[in-house]
Amino acid sequence: MIHPAELKLLREALATLAEGFEDLPAFTPEIDTGAVHAVLQRVAERMQDNYPYFHPQYAGQMLKPPHAVARIAYAMALWVNPNNHALDGGRASSALEKECIVELARMYGWENSLGHLTGGGTMANLEALWVAGLTNPGKRIIASEQAHYTHSRLSSVLNLPFSSVAVDAHGRMELVAIEDLLRNGDVGTIVATIGNTGFGSVDPLPGILELAEKYGARVHADAAYGGYFGLSSQIHASTRAAYDCLTRVDSIVVDPHKHGLQPYGCGCILFRDPDVGRFYKHDSPFTYFSSAELHLGEISLECSRPGASAVALWATQQLFPLVTDGQFSQWLDQCLLAARTLWDRLDTSVYYRPLMPPELDIVVYAVDAPDMAEASRRARQVFALAAAQNLHLAMVELPSALVSTYVPEMAVNTDTVTCLRSVLMKPEHRDWLDEIARILETAGASL
Ligand SMILES: *Cc1c(COP(=O)(O)O)cnc(C)c1O
């Protein structure tokens with residue numbers, strides 16, 4: 001779980017950090033090491049009660065361990081504990097955040113955009129929809145019925161009407177359904193999900209942009225999970241077409257804490273038009289008095305934010321630049337290939353019925369059974385049997401109609417079917433597929 005060199009690397013980084021403050025009078029905060037030791041032992045024991053998210057045999061929910069460089073940089077920064085709300089609170093980490101944002105925006109071909117890090121995808125989407133509502137006041141937000149549930153909730157927070165859009169058998173928004181809503185004339189913003197959380201399906205962005213232009217709507221891309229896959233050489237042509245036109249949308253959300261190797265607390269919102277900065281204007285009497293330079297708090301809804309997030313992301317992007325021919329993009333390739341391989345394995349198994357072939361790195365599969373109630377029961381059994389062998393999966397409740405598309409001979413006797421879901425977002429998953437498939441077969445055989 002811990003690489004032997006990690007704590008040494010942290011100590012070395014902290015030593016260099018401390019050199020920057022050597023001219024101060026000596027000061028060492030007091031720690032009651034005995035009491036701290038005792039409580040740390042207790043809390044470490046409490047923390048044992050977790051799924052092993054860091055291990056390749058965790059093949060369930062959308063959880064990816066931060067890279068060591070991110071964890072160490074974050075920990076190092078905690079000794080300063082910078083606040084990226086304002087330059088007074090985090091001068092260096094604000095500069096690092098701006099550099100990170102430039103690199104993230106370049107991934108979408110944007111050279112002069114506005115953006116910043118956020119606590120996560122939810123806050124980032126809130127800002128996107130807030131700006132959408134200010135640009136098209138009172139107008140409707142529409143998003144896929146497979147979009148993250150945050151969009152309907154955030155629309156309610158913002159007091160904007162919301163409608164969801166039907167998806168096809170691949171889990172992508174239907175263009176005809178979008179146009180039906182657009183014809184009503186009250187749609188202000190289309191949310192395109194670039195990699196939805198359930199299936200990893202990518203909404204048909206080229207067609208969405210065409211419709212948005214025709215009807216004068218904004219387009220917001222929620223790429224919280226899928227935002228990095230444009231760097232991969234392994235995505236299929238239709239998926240590539242969606243990534244290629246991300247440069248034309250009005251705003252993009254990408255979560256470095258999803259696929260970007262970061263600890264939680266790192267989302268990002270980017271606006272193509274930097275002029276939206278005018279919506280954030282406020283007069284704070286107390287925050288900004290050290291410099292005429294841009295304070296991130298001037299372009300962010302959140303006030304205090306961990307500067308450590310920016311420090312960790314900057315270090316990660318230095319080591320693994322956001323380019324198409326580097327280590328980071330190769331890792332994304334591995335995830336896509338792992339998902340495709342698992343889908344193939346399940347497809348040849350007598351126990352499982354995989355649903356749509358994965359567009360990114362999420363595989364959703366039913367357990368074969370004569371009817372849907374039994375398939376749901378077996379899915380819960382496989383979940384438990386696999387867990388007993390240290391293979392951790394996730395379950396997902398899907399509409400029977402969708403499952404029927406892929407398993408037409410399974411009798412429909414329930415509205416929904418419990419299926420299994422594996423997000424193969426660790427690059428190591430590919431090397432562990434034999435073991436993952438072996439445990440799945442054993443579990444299937446013992447039903
Ligand atoms: C995870 C996710 C969100 C929510 O982001 P958080 O970082 O969990 O707040 C929104 N949209 C999509 C597509 C996501 O995958």
Side-chain angles (χ1 to χ4, degrees), residues 53 60-66 70 74 100 104 108 115-132 141-158 162 164-165 167 170-173 189-205 208 219-230 239 242-243 246 249 251-270 300-302 305-306 309-310 312-313 332 335-336 339 358-364 394 396 421-426:
Y53 309 117
Q61 309 284 8
M62 194 175 280
L63 294 155
K64 179 168 178 154
Y74 196 106
C100 287
L104 284 164
Y108 306 110
H116 60 88
L117 299 181
T118 63
T122 303
M123 271 310 297
N125 276 304
L126 174 65
E127 294 199 17
L129 298 191
W130 176 65
V131 166
I141 308 284
I142 64 172
S144 162
E145 60 185 19
Q146 283 297 330
H148 198 282
Y149 63 80
T150 195
H151 293 287
S152 70
R153 284 213 307 213
L154 292 174
S155 299
S156 149
V157 169
L158 295 164
F162 176 87
S164 60
V165 181
V167 297
H170 298 284
R172 305 178 191 130
M173 272 201 288
T189 302
I190 308 170
V191 176
T193 305
I194 305 304
N196 60 37
T197 321
F199 309 123
S201 306
V202 176
D203 282 335
L205 194 55
I208 290 169
V219 177
H220 167 58
D222 181 0
Y225 146 72
Y228 288 103
F229 280 101
T239 310
Y243 280 92
L246 271 174
V249 306
S251 51
I252 299 175
V253 163
V254 56
D255 264 3
H257 72 200
K258 288 267 177 69
H259 247 298
L261 303 166
Q262 299 309 296
Y264 284 115
C266 195
C268 172
I269 172 66
L270 301 166
S300 161
L301 282 186
E302 281 171 285
R305 284 191 296 112
S309 291
L313 184 59
L332 295 168
C335 296
L336 293 169
E359 190 163 1
L360 298 178
D361 59 8
I362 302 176
V363 186
V364 180
V396 58
R421 174 168 164 267
S422 290
V423 185
L424 299 182
M425 68 199 304
K426 292 192 252 293

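All ligand and atom numbering here is 1-based and tracks the order in the structure.
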Shortest protein contact, atom 6 (P) of ligand 1 (heavy atom only): G121 N, 3.3 Å
Numbered atoms and elements of ligand 1 in range of D255, under 4.0 angstrom, heavy atoms: 5 (O), 6 (P), 7 (O)
Test of ring centre spacing under 6.0 Å for H259 and F229: yes
Within reach of ligand 1, part of K258 (heavy-atom separation under 4.0 Å): side chain
Polar proximity ligand 1 side, H148 side, N/O cut 3.5 Å exclusive: no
Min N/O separation T197 to ligand 1 under 3.5 Å: yes
Residues D255 and Y264: side-chain donor-acceptor under 3.5 angstrom: no
Test item, H257 contacting ligand 1 (heavy atom, 4.0 angstrom): yes
K258 side-chain N/O to A223 backbone N/O, donor-acceptor pair under 3.5 Å: no
Straight-line distance of N125 CG to D222 CG, nearest 0.5 Å: 4.0 Å
Nearest-0.5 Å distance that lies between atom CD in Q146 and atom NE2 in H170: 14.0 Å
Ligand-side contact atoms (ligand 1) for residue partner D222, heavy atom cut-off under 4.0 Å: 10 (C), 11 (N), 12 (C), 13 (C)
Any donor-acceptor pair under 3.5 Å from E359 side chain to V202 backbone: yes
Numbering as shown, the atoms of ligand 1 that approach Y225 to under 4.0 Å (heavy-atom distance): 15 (O)
Location of contacts on T122 toward ligand 1, heavy atoms closer than 4.0 Å: both
Verdict with reasoning, Y228 to L360, per side chain to side chain contact (heavy atoms under 4.5 Å, CB included): CA-CA 11 Å; Y228 288 103; L360 298 178; over 6 Å; no
Short N or O distance, G195 and ligand 1, threshold 3.5 Å exclusive: no
Partner residues of A310 under the side-chain contact (heavy atoms from CB on, under 4.5 Å) criterion, sequence neighbours left out: N84, E97, L117
Ligand 1 contact on N125 by region, counting heavy-atom pairs under 4.0 Å: side chain
